[in-house]
Amino acid sequence: MSQDSNTEAVARPVNFIRNIINDDLASHKHDHVHTRFPPEPNGYLHIGHAKSICLNFGLAQDYQGECNLRFDDTNPSKEELEYVEAIKQDVSWLGFEWSGEPKYSSNYFDQFYQYAVELIEKGLAYVCFLNAEETRAYRGSLTEAGKDSPYRDTSPEENLTLFAKMKNGDFKEGECVLRAKIDMASSFMCLRDPALYRVRFEHHHQTGDAWCIYPMYDFAHCISDAIEGITHSLCTLEFQDNRRLYDWVLDHLEDFNRPDRPHQYEFSRLNLEYTVMSKRKLHQLVSDNLVSGWDDPRMPTISGLRRRGYTPASLRDFAERIGISKVDSMTGMDILEASIRDDLNKVAPRSMAVLNPVKLVIENFDGEPLSIQAPIHPQNEAMGKREIFFGRELYIDRADFLEEAPNGKYQRLALNKEVRLRNAFIVKGVRVDKDEAGNITTIYGTYDPETLGKKPADGRKVKGVIHFVEASTALPAVFRIYDRLFTVENPVKEPDFEAVINTESLVVKQGFVEAGLANSEPERAYQFEREGYFCRDNQAGEVQIYNRTVPLRDTWSKK
RNA sequence: AGGGCUGUAGCCAAGUGGUAAGGCAUCUGGUUUUGAUCCAGUGUACCGCAGGUUCGAAUCCUGCCAGCCCUGCCA
């Protein structure tokens, strides 16, 4: 089938959903693609949602179709306006544009009501006065059929009256529900006469107090999709059984019982190692003050990742790398980290920062600090140069000095050993000062003035390179070093996931950055050479705060 | 256990009867004023297990095993 000449075929990801779409287009079941991203506004979006966003909006882009943003707001007791605003912002930040105005399931409350009436008229729905407990008992179990509600055979006329009374507020919360009349013996529990509407005297963030009955997800979602002309309704695996109800509703409504109506397809949700992904648990972390908020840089939320320094491009790339399938999988952090490193390596300006400073005094240097032009990106000259300084007093990282080199592989500074100072001269350790406890307080050394931008003339080999900042011009800074939020791969498996929280997931360090960073902006990424990728935090203060997004790849320390 | 799904290398994941893509990770070289990047190379995958059909099976059939989901008036 595929000809050799067909090599221009773009390297688009392949997955079962694209195969379905291709088939649907080929068979003319649909002549276009229209997807939707339908979050319930009851919390902040996380990276699992990012996967779904990239899927739905990405499909629309690739097939020149459309993707709606729809707030699935059928349960006013859990939803808030704060979340709808945050969700819009996160989707936009990720780089996607929804089709037209944002939609709300609540836009269709009138239509839902009419469709419910249609089902009642057809004898396919009834008002049931069993309470919640009775309903559960009547439902049966996984292995036993349920039994019919005593209200199941009420006439359509009477049900119409009852349903109107429900809408008018004549019944109390919990007194009755509207149920679909399907099959109390079905092996699909969701088909055992599921509730379609419940009574809730609750203020809704979109419709105010106009309604006191609210549709259930299974009734509202499929109809919303159909009203909006969605072709492919994508959701996660746990809705596989619900698909039967999705189809049942549309099959029994005159407006939607047509071949080109929407169909639901399910893919597996994202599970990431060392974190939790459910909104409930994320809520708990916030309310228990285990993190500073939804946008704590340790959170897997989109806003948290953003504050951590993740870029929209890196998250989109991540979504592409993990792909779409129906396998229950646990994705490693390494893929996420590879995505952000790949992006930042290309675009992040280089800079130097010393996180655990110790003073290095260059004994044979005197006078004013020397200005040096250093490349902003060693592999990309077009990014230009920056000014750094070299002087008599420098800071280097304590981890870059040992009085005695442990072995031949050691590539850092030691007494009587030379090392290159990044972007500057070759220096040699001479002696140290220590306090009473034996801690090194100052390192003294000498520099070779002939080695700026060149190798030693005498041909001697100097292997290591360490970074530094000039003491008098450096800016003090706080560094927040983040690590995984949990100590175990899958915290959800623990009896109490909060018990396995990583108490060292945030370590704060005080050090210095280059003078050139005086005007760094929040969310701007930098590579602090040899340390990792950092971004300025959005918290204002006298001292700059940098969040470590991800360390540089390290193929050496593990040996 | 009644039903719905899933099992391809350490982790993701292509593959839809013709003899196992790719990414991440790993390892090995080379370049390098970041132990980074970059470049080149690197995998005995019993394709969950056992049978069967076929000239030929990861792909079809049967049985078994394992994991996930379903008994909200949540989504």
Side-chain angles (χ1 to χ4, degrees), chain A residues 11 13-16 19 38-40 42 72 74-75 77-78 128 130-132 135-137 139-146 173-179 185-192 194-200 214 216-218 220-221 235-244 266 268 273 279 320-339 341-342 345-346 350 352 374-375 377-379 409-412 419-426 451-455 462-467 527-532 551-557 559:
Chain A
V14 187
N15 60 52
F16 76 98
N19 292 340
E40 181 185 18
N42 66 345
D72 210 351
T74 57
N75 185 357
S77 39
K78 292 169 65 181
C128 179
L130 252 27
N131 64 33
T135 304
R136 198 178 322 121
R139 188 154 32 229
S141 73
L142 294 176
T143 50
E144 292 165 296
E173 283 188 19
E175 192 174 351
C176 60
V177 294
L178 181 73
R179 288 228 257 170
S186 175
S187 57
F188 294 101
M189 297 305 285
C190 64
L191 256 27
R192 318 248 265 222
L196 264 24
Y197 265 93
R198 76 284 219 184
V199 178
R200 279 285 124 86
Y214 291 93
M216 301 292 290
Y217 163 86
D218 285 301
H221 203 97
C235 62
T236 43
L237 252 28
E238 65 271 26
F239 291 99
Q240 285 177 122
D241 287 357
N242 299 250
R243 184 176 69 240
R244 277 71 185 186
E266 311 87 12
S268 53
E273 283 180 353
K279 277 189 194 165
E320 196 151 305
R321 289 187 195 217
I322 58 175
I324 296 292
S325 75
K326 303 181 76 154
V327 184
D328 288 301
S329 55
M330 176 66 73
T331 298
M333 280 292 199
D334 50 358
I335 300 183
L336 218 208
E337 293 184 345
S339 300
R341 285 194 186 107
D342 271 14
N345 176 49
K346 285 190 235 108
R350 308 290 119 126
M352 290 195 283
H377 189 125
Q379 278 85 40
K409 291 193 168 172
Y410 183 75
Q411 294 184 22
R412 302 177 179 187
V419 85
R420 163 75 64 179
L421 247 29
R422 176 72 172 160
N423 294 311
F425 304 90
I426 286 173
T451 53
L452 181 61
K454 41 189 176 188
K455 294 188 162 70
V462 176
K463 199 68 164 71
V465 179
I466 65 171
H467 57 96
Q527 186 200 90
F528 291 151
E529 290 186 296
R530 301 210 316 132
E531 289 289 356
L552 257 27
R553 194 159 160 269
D554 180 3
T555 50
W556 160 76
S557 67
K559 291 182 194 167

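In what follows, every chain begins at residue 1, and chains take the letters A, B, ... in the order their sequences are listed. A quick note: this is a predicted structure, and the numbers were derived from the prediction, not measured. Heavy-atom basis, side chains included; hydrogens, waters and symmetry copies ignored.
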For B:rA14, which nucleotide in any strand shown is its Watson-Crick or wobble partner with both distances under 3.5 Å? none
For the C1' atoms, the ones on B:rU16 and on B:rA25, what distance do you get once it is rounded to whole angstrom? 30 Å
For B:rG29 versus B:rG43, give the span between their P atoms, rounded off to a whole number of Å. 16 Å
Closest contact, heavy atoms only, A:R350 versus A:P378: CG-CD, 3.5 Å
From the set B:rU34, B:rC5, B:rA75, return the single nucleotide nearest to any side-chain atom of A:R243. B:rC5
Tell which nucleotide pairs with B:rU31, taking only Watson-Crick or G-U wobble pairs whose two distances are both under 3.5 angstrom. none
Taking the side chain of A:R198 as heavy atoms from C-beta outward, which of B:rU34, B:rC5, B:rC74 is closest to it? B:rC74
Using atom CZ of A:R530 as one end and atom C1' of B:rU32 as the other, report the distance to the nearest whole Å. 14 Å
Quick one: is B:rG3 close enough that its OP1 or OP2 comes under 4.0 Å of any side-chain N or O from A:R192? no
Less than 4.0 angstrom between a side-chain N/O of A:T555 and OP1 or OP2 of B:rU26, yes or no? no
Do any side-chain nitrogens or oxygens of A:R341 fall under 4.0 Å of OP1 or OP2 in B:rA36? no
Measure from CD on A:E273 to P on B:rC12 and round the result to the nearest Å. 8 Å
Take the protein atom CG of A:D218 and the nucleotide atom P of B:rC73, then report the distance between them rounded to whole Å. 10 Å
When you compare the side chain of A:L130 with that of A:C176, does any pair of heavy atoms fall below 4.5 Å? no
Measure distances between side-chain N and O atoms of A:Q527 and base N and O atoms of B:rU34, and say whether any donor-acceptor pair falls under 3.5 Å. yes
Have a look at A:K78 and say if it touches a base, only the backbone sugar-phosphate, or nothing, with a 4.0 Å heavy-atom cut-off. base
Can you tell me how far C1' of B:rA21 sits from CG of A:N15, to the nearest Å? 15 Å
Distance, rounded to the nearest Å, where A:E320 contributes CD and B:rC24 contributes C1': 14 Å
Can you give one letter per nucleotide of nucleotides 64-71 of chain B, 5' to 3': B if a protein heavy atom sits under 4.0 Å from the base, S if only from the sugar-phosphate, - if neither? ---BSSBB
Pi stacking test for A:Y217 and B:rA75: under 5.5 Å apart, planes under 30°: no
Whole angstroms only, please: what is the CD-C1' distance between A:E531 and B:rU37? 17 Å
With both distances kept under 3.5 Å, what pairs with B:rU54, Watson-Crick or G-U wobble? none
Using ring-ring contact (aromatic ring centres under 6.0 Å, His included) as the criterion, list what pairs up with A:F425, not counting sequence neighbours. A:F390, A:Y447
Whole Å only: how far is the OH atom of A:Y214 from the P atom of B:rA75? 12 Å
Of A:G174 and A:T451, the one whose closest nucleotide on RNA chain B sits nearer the 5' end is A:T451
Separation of the C1' atoms in B:rU62 and B:rU28, to the nearest angstrom: 47 Å
Using atom P in both nucleotides, what's the gap between B:rC46 and B:rC11 to the nearest angstrom? 12 Å
State, with a plain yes or no, whether a side-chain heavy atom of A:L237 is found less than 4.5 Å away from one of A:S268. yes
Can you check nucleotides 45-47 of chain B for protein contacts, nitrogen or oxygen pairs under 3.5 Å, and list what you find?
none

A:H467: which residues meet the ring-ring contact (aromatic ring centres under 6.0 Å, His included) condition with it, sequence neighbours left out? none
Regarding B:rG30, purine or pyrimidine glycosidic angle vs 90° from 0 gives anti
Minimum heavy-atom distance A:R420-A:V462, with the two atoms named: N-CG1, 3.8 Å
May I ask you to say what A:L178 touches in the nucleic acid, namely base, sugar-phosphate or nothing, with a heavy-atom cut-off under 4.0 Å? nothing
Tell whether A:E144 reaches the base of B:rA1 with its side chain through a donor-acceptor pair below 3.5 angstrom. no
Please check if the side chain of A:S141 supplies one atom and the backbone of A:T143 the other of a donor-acceptor pair under 3.5 Å. yes
Just how far, in rounded Å, is P of B:rU37 from CG of A:L552? 7 Å
Is A:R553 close enough to B:rU37 that one of its side-chain N or O atoms is under 4.0 Å from OP1 or OP2 there? yes
Side-chain contact, heavy-atom cut-off 4.5 Å: A:M189 with A:L142? yes
Any strand counts, and the cut-off is 3.5 Å on both contacts for Watson-Crick or G-U wobble. Which nucleotide pairs with B:rA66? B:rU6
Along RNA chain B (nearest heavy atom to each residue), the more 5'-positioned of A:M216 and A:S268: A:S268
Would you measure the distance from the P atom in B:rU37 across to the matching atom in B:rC27 and give it in whole Å? 12 Å
For B:rC49 and B:rU6, measure between their C1' atoms and round to the nearest Å. 16 Å
Would you say A:V419 and A:V465 make side-chain contact, with heavy atoms under 4.5 Å? no
Please check: side-chain N/O of A:R341 versus main-chain N/O of A:P551, any donor-acceptor pairing under 3.5 Å? yes
Please tell me if the side chains of A:V177 and A:Y197 come closer than 4.5 Å, counting only heavy atoms from C-beta onward. no
For residues A:D72 and A:T74, determine if any side-chain heavy atom of one lies less than 4.5 Å from a side-chain heavy atom of the other. yes
Does a side-chain N or O of A:T331 approach OP1 or OP2 of B:rC11 to a distance below 4.0 Å, or not? no
With the side chain of A:I335 defined as its heavy atoms from C-beta on, choose the nearest nucleotide among B:rC73, B:rA36, B:rC24. B:rC24
B:rC12 versus B:rA36 - spacing of their P atoms, nearest Å: 27 Å
Taken in chain and number order and not counting sequence neighbours, the residues that satisfy side chain to side chain contact (heavy atoms under 4.5 Å, CB included) with A:T236 are A:E238, A:F239, A:F267, A:R269
Does any part of the side chain of A:Y214, heavy atoms only, come nearer than 4.5 Å to the side chain of A:N75, both counted from C-beta? no
Of the nucleotides B:rU37, B:rA75, B:rG35, which has the atom closest to the A:Q379 side chain? B:rU37
B:rG35, B:rA25, B:rC74: which one has an atom nearest the side-chain heavy atoms of A:V465? B:rG35
List the steps and the verdict of side chain to side chain contact (heavy atoms under 4.5 Å, CB included) for A:K326 and A:Q240. CA-CA 11 Å; A:K326 303 181 76 154; A:Q240 285 177 122; 3.7 Å; yes
Proximal nucleotide (of B:rC74, B:rA75, B:rA13) relative to the A:R200 side chain: B:rC74
Which pairs, protein N/O on one side and nucleotides 39-42 of chain B N/O on the other, fall under 3.5 Å?
none

Can you tell me which nucleotide in B:rA14, B:rG35, B:rC12 comes closest to the side chain of A:V14? B:rA14
For nucleotides B:rA9 and B:rC38, find the distance between their P atoms and express it as a whole number of Å. 27 Å
Side-chain heavy-atom pair A:N42, A:K279 within 4.5 angstrom cut-off: yes
Looking only at side-chain N and O atoms, does A:N19 come under 4.0 Å of OP1 or OP2 in B:rG15? yes
